[in-house]
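Because only heavy atoms are used, hydrogens play no part in the values below, and waters and symmetry mates are left out as well, while side chains stay in.
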Amino acid sequence: MGRVIVITGTSSGIGAELKKRFTAAGDTVIGLCRRPGEGDIRCDVSDEAQVKAAFDEIAARHGRIDMLINNAGLGLSGATELLPADDVRRVMDVYFYGTYRCCRAALPHMERGGKIVNISSACALFALPFRSVYCAAKAAVDMLSFGLRMELERHGIAVVTVCPGDIRTDFTANRIKIADGGGRYGDAPRRAAEKIDAREHKRMDCARAAGRIYRICDRKKGAMYIVGAKYKVLWLCKRLLPTGLFVKATGRLFGG
């Protein structure tokens, strides 16, 4: 008997790939996204009412939820001082509050053996200049995941966070970019964004990365997984080097 799996952000990228793989394996997959496809439910995870309505519908239709994968997201870059407050709130609302809302809505329908997988980012592990809000939002997802894991472990519900590095999807093109640096920053925000965007061809292939994430979602129950060899190396460097030295080096590499 296939599992009932809810995935947020299935309209493209990793979410769409995960939906294909779980469906092919015989699971019932319900996607929550703003541009729903077949079998999806229209839902903006930043909207409390829409999240509640979506999970009420899933519970009424299927009676249970075996796995929740929180994957919806958006990017934001620019000098932190100059970012529009509405954009900052939007990013936090989608990542932190959206993940929280979906976990809270799914858990009443999840029994022992259930699993929550929160797709975080390597940016949760080491900050980047001019992407501080995105990094902070992803770090908040990690901390939420670890806390939930401790609370739910005795009840037989696993909580896993996955931290992939850069993946070749539409995410970069759709990122909100505030390129204006003003007098203090000059053109550093623009140059930093261009430097990261220029590596698009070097990013992990979406299908390949999704395969790795799929295997983690499907079988693994550890607290955290990093996807991408170089990000595992960076994580090791961060743990070994003094924080000030690591932050300074990262700033020089990615600061524009």
Side-chain angles (χ1 to χ4, degrees), residues 8-9 13-14 34 44-47 70-101 118-147 161-200 202-203 224 226-228 230-231 234-235 237-239 241-256:
T8 69
I14 292 297
R34 293 186 298 165
D44 184 339
V45 298
S46 68
D47 187 306
N70 285 301
N71 168 74
L74 76 160
L76 174 65
S77 67
T80 306
E81 177 184 355
L82 304 177
L83 293 176
D86 286 345
D87 289 337
V88 173
R89 278 191 290 269
R90 173 68 176 162
V91 169
M92 294 301 295
D93 213 14
V94 169
Y95 283 122
F96 176 73
Y97 287 107
T99 298
Y100 165 70
R101 289 184 188 102
N118 293 326
I119 307 299
S120 181
S121 168
C123 285
L125 308 176
F126 17 82
L128 295 177
F130 306 118
R131 294 175 73 183
S132 62
V133 170
Y134 173 76
C135 295
K138 286 297 194 178
V141 169
D142 276 7
M143 294 302 106
L144 177 65
S145 301
F146 299 149
T161 182
V162 182
C163 298
D166 289 332
I167 300 172
R168 199 156 55 244
T169 67
D170 292 335
F171 183 84
T172 300
N174 294 332
R175 180 189 299 133
I176 302 170
K177 299 174 186 176
I178 310 300
D180 182 18
R184 186 193 302 270
Y185 305 102
D187 64 350
R190 178 187 57 78
R191 287 189 287 114
E194 288 175 352
K195 187 172 185 178
I196 292 174
D197 292 351
R199 297 177 57 83
E200 185 70 23
K202 295 184 178 180
R203 298 175 189 269
M224 182 183 77
I226 300 172
V227 177
K230 66 180 178 182
Y231 303 101
L234 281 171
W235 175 237
C237 291
K238 183 186 178 185
R239 296 169 69 184
L241 295 174
T243 299
L245 178 59
F246 184 84
V247 170
K248 187 174 183 178
T250 306
R252 287 184 174 179
L253 282 172
F254 298 101

Engineer: Sequence neighbours excluded, which residues qualify as salt bridge (charged side-chain N to carboxylate O under 4.0 Å, His left out) partners of Arg190?
Structural biologist: Asp187, Glu194
Engineer: Excluding sequence neighbours, so at least two apart, what forms side chain to side chain donor-acceptor pair (under 3.5 Å) with Tyr97?
Structural biologist: none
Engineer: Excluding sequence neighbours, so at least two apart, what forms side-chain contact (heavy atoms from CB on, under 4.5 Å) with Lys238?
Structural biologist: Phe126, Trp235, Phe246
Engineer: If the condition is side chain to side chain donor-acceptor pair (under 3.5 Å), which residues does Thr250 pass it with, not counting sequence neighbours?
Structural biologist: none
Engineer: For Ser145, enumerate each residue passing the side chain to side chain donor-acceptor pair (under 3.5 Å) test, keeping only those at least two apart in sequence or located in another chain.
Structural biologist: Asn118
Engineer: Can you tell me how far the CG atom of Leu125 sits from the OG atom of Ser120, to the nearest 0.5 Å?
Structural biologist: 6.5 Å
Engineer: So, do Tyr134 and Cys123 sit near enough that their side-chain heavy atoms are less than 4.5 Å apart?
Structural biologist: yes
Engineer: Counting only pairs under 3.5 Å, give me each side-chain donor-acceptor contact of residues 81-88, with atom names and distances, residues two or more places apart or in other chains.
Structural biologist:
residue, atom, partner, partner atom, Å
Glu81, OE1, Arg184, NE, 2.9
Glu81, OE1, Tyr185, OH, 2.6
Asp86, OD1, Arg89, NH2, 2.5

Engineer: Do the side chains of Leu76 and Arg90 get nearer than 4.5 Å, heavy atoms only?
Structural biologist: no
Engineer: Salt-bridge test for Arg101 and Asp93: reply yes if a basic N is under 4.0 Å from a carboxylate O, no otherwise.
Structural biologist: yes
Engineer: So, the side chain of Thr8 versus the backbone of Asn71: is there a donor-acceptor pair under 3.5 Å, distance only?
Structural biologist: yes
Engineer: List for me each residue that meets side chain to side chain donor-acceptor pair (under 3.5 Å) alongside Thr161, sequence neighbours excluded, and say none if there are none.
Structural biologist: Asp142
